[in-house]
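As the structure is a prediction and not an experimental result, all values here were calculated from the model.
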Amino acid sequence: TLEELRELDAGQWLASRVDTGGSHFSWSGPRFAGQRVPTLVELFDRFHHQAPELNFMLEVKELGGERGVKQLVQEIRSRPGLAQRCIIIGFDPVPLEHCKALEPTLRVGFTASEPTPEKIERAIAMRAHHIGVAGSHITPDLVASCKARGLEVRWTGTFHSTEVRPRQPNEPEQWAE
């Protein structure tokens, strides 16, 4: 429940992160201990005007069906200019399609991992901003063919700081390090 989530110490993970030398990273440290999990409304309320350069990438897992999608879109619409700063992403295309139907200006990104022709067609049909693809599937041909159809290709996945992520097509060399 939301009440149970609000009891969690969201900052504890950041408070405990140190580099191999035992020092805190610039983005971690004890100052984060005791931070609570904010709601999306609280994030919007805090950062919509305070940090106008900040964009929001919101991953939807399960939105409680169509009602949840409507609530999300209403929250975004209630703040002028916020729709242009949001990208709604997810593995399930249905909530993304609902978002686009309710607010055509919203950018959505379909996380497909493997770019099958069916997934690419679905992303194009929903007028997705991008398709999220696992790095091992990104090729110059894929990027060019999607770009020609108005669809960006974005690398998606996780990697550990001890690993070096391979350089992606059209990506500056320093980003892969």
Linking I/L/V/M/F/W/Y whenever their side-chain heavy atoms sit closer than 4.5 Å, directly or via other members, would [X] and [Y] fall into one cluster?
X	Y	value
Val94	Val60	no
Val41	Leu72	no
Phe91	Val153	no
Leu82	Leu43	yes
Leu40	Phe47	yes

Q) Using a side-chain heavy atom cutoff under 4.5 Å and only I, L, V, M, F, W and Y, what cluster partners does Ile87 have? A) Met57, Ile89
Q | Rounded distance [0.5 Å steps], OG1 in Thr105 versus CD in Gln84 | A | 5.5 Å
Q: Any chance you could measure Phe110, atom CZ, to Leu96, atom CG, to the nearest 0.5 Å?
A: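 Taking CZ in Phe110 and CG in Leu96, the distance rounds to 7.5 Å.
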Taking C-beta and beyond as the side chain, do [X] and [Y] meet within less than 4.5 Å on heavy atoms?
X	Y	value
Arg127	Pro104	yes
Ile120	Cys146	yes
His129	Glu152	yes
Ile88	Ile76	yes
Val133	Ser113	no

Q) Would you find more than 12 non-hydrogen atoms of other residues, nucleotides or ligands less than 6.0 Å from Lys119 atom NZ? A) yes
Do you know the tightest heavy-atom contact between [X] and [Y]?
X	Y	answer
Arg6	Pro38	NH1-CA, 3.6 Å
Leu58	Phe44	CD1-CZ, 3.9 Å
His49	Pro52	O-CD, 3.4 Å
Cys86	Leu106	CB-CD2, 4.2 Å

Kindly say whether [Y] contributes a backbone atom to a donor-acceptor pair with the side chain of [X] at under 3.5 angstrom?
X	Y	answer
Arg154	Ile131	no
Asp9	Gly34	yes
Lys100	Val108	no

**Q.** Worked verdict on Glu7 versus Arg36 for side chain to side chain contact (heavy atoms under 4.5 Å, CB included)
**A.** CA-CA 7 Å; Glu7 294 299 316; Arg36 300 293 171 220; over 6 Å; no
Salt bridge check: are [X] and [Y] linked by an N-O gap of less than 4.0 Å?
X	Y	result
Arg122	Glu97	yes
Glu103	Lys70	no
Arg149	Glu121	yes

(Q) Assess, by modelled atom type and distance only, whether the side chains of Thr116 and Glu114 contain a donor and an acceptor separated by less than 3.5 Å. (A) no
Q | side-chain contact (heavy atoms from CB on, under 4.5 Å) partner of Arg85, chosen from His48, Arg79, Glu53 | A |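 Exactly one option meets the side-chain contact (heavy atoms from CB on, under 4.5 Å) with Arg85, and it is His48.
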